[in-house]
Amino acid sequence: MLTGYLWLKGWYPALPGFSCPLRALTGLPCPTCFLTRATAAALNGRFAESVDLHAFGPIAAAALLAWSAQALWTRRLVPQGLKDTHLALVTLLLLLYWAGRMGLTYGVGIAAFPDP
């Protein structure tokens with residue numbers, strides 16, 4: 001259902017969704033800011049827009065499609081091969097990417113985040 005919703009949100013951005021609570025409270029983007037829009041754009045074949053929003057957009061879209069197919073095929077929501085080390089690696093990569101964007105935006109003055 002999430003994959004289908006994100007595909008629809010790519011065509012109809014006015015569909016309801018959640019905004020980033022960290023950004024709403026502090027004004028600072030979180031590591032996954034713009035990832036939902038980037039994933040929706042990638043699911044609709046707009047890969048350049050997806051990468052402009054968040055570099056992990058196409059990767060998240062591909063992972064979400066694979067996860068959805070696997071969940072339908074095996075009738076299990078959580079993939080059997082998913083390990084804590086996989087989640088830790090993804091978290092680390094997201095944090096490193098976010099730190100780079102934050103450094104460019106607030107340290108050097110180069111806009112690394114799109115306008116909200």
Side-chain angles (χ1 to χ4, degrees):
M1 288 176 52
L2 175 63
T3 306
Y5 178 77
L6 285 175
W7 178 79
L8 281 173
K9 189 143 177 78
W11 289 111
Y12 306 103
L15 286 173
F18 296 104
S19 62
C20 177
L22 180 67
R23 190 174 193 141
L25 290 173
T26 66
L28 298 174
C30 76
T32 61
C33 268
F34 301 101
L35 186 56
T36 301
R37 287 186 236 175
T39 303
L43 287 171
N44 286 288
R46 298 188 316 267
F47 298 108
E49 177 185 348
S50 177
V51 171
D52 284 344
L53 291 167
H54 198 289
F56 285 23
I59 297 165
L64 194 55
L65 287 171
W67 188 349
S68 298
Q70 181 272 336
L72 289 171
W73 184 260
T74 63
R75 295 184 179 167
R76 291 178 48 107
L77 184 59
V78 179
Q80 287 178 313
L82 189 63
K83 297 182 175 149
D84 290 343
T85 54
H86 297 134
L87 297 175
L89 178 62
V90 169
T91 301
L92 176 65
L93 291 173
L94 275 170
L95 288 173
L96 288 172
Y97 176 67
W98 174 70
R101 289 175 93 181
M102 293 291 282
L104 285 173
T105 301
Y106 299 107
V108 182
I110 299 171
F113 292 98
D115 292 328

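Values below: every heavy atom of this structure, side chains too, minus hydrogens, waters and symmetry copies.
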* Asked: Under the side-chain hydrogen bond (donor to acceptor under 3.5 Å, both in side chains) test, which residues partner R37, sequence neighbours left out?
  -> none
* To do: Could you pull out all residues at least two apart from W11 that satisfy side-chain hydrogen bond (donor to acceptor under 3.5 Å, both in side chains)?
  => N44
Taking only distance into account, with no hydrogens and no angle test, what donor-acceptor pairs under 3.5 Å do side-chain atoms of residues 16-26 form with protein atoms, sequence neighbours excluded?
from	atom 1	to	atom 2	distance (Å)
T26	OG1	L22	O	2.7
T26	OG1	L28	N	3.1

Identify whether [X] and [Y] are in the same connected component of the hydrophobic contact network (ILVMFWY, side-chain heavy atoms under 4.5 Å).
X   : Y   : answer
W7  : W67 : no
W73 : L77 : no
L92 : L87 : no

* Which value, rounded to the nearest 0.5 Å, describes the distance between L64 atom CG and I59 atom CD1? -> 13.5 Å
* **Distance, nearest 0.5 Å, that separates CG of D84 from CG of L89** => 12.5 Å
Only pairs under 3.5 Å count here: list side-chain donor-acceptor contacts from residues 103-116, not counting sequence neighbours, and write none if there are none.
from	atom 1	to	atom 2	distance (Å)
T105	OG1	R101	O	2.9
T105	OG1	A112	N	3.1

* Donor-acceptor pair, W98 side chain versus C33 backbone, under 3.5 Å? -> no
* Check side-chain contact (heavy atoms from CB on, under 4.5 Å) between T74 and all other residues, then give those that pass, not counting sequence neighbours. => Q70, R76
Of all the heavy-atom pairs spanning [X] and [Y], show the shortest one and how long it is.
X   : Y   : answer
K9  : A40 : C-CB, 4.3 Å
T3  : L43 : O-CD1, 3.8 Å
G57 : L35 : N-CD1, 3.8 Å

* Asked: Under 4.5 Å between any side-chain heavy atoms of T36 and L53, yes or no?
  -> no
* **Under the ring pair (Phe, Tyr, Trp, His ring centres under 6.0 Å) test, residues paired with Y97 that sit two or more places apart** => H54, F56
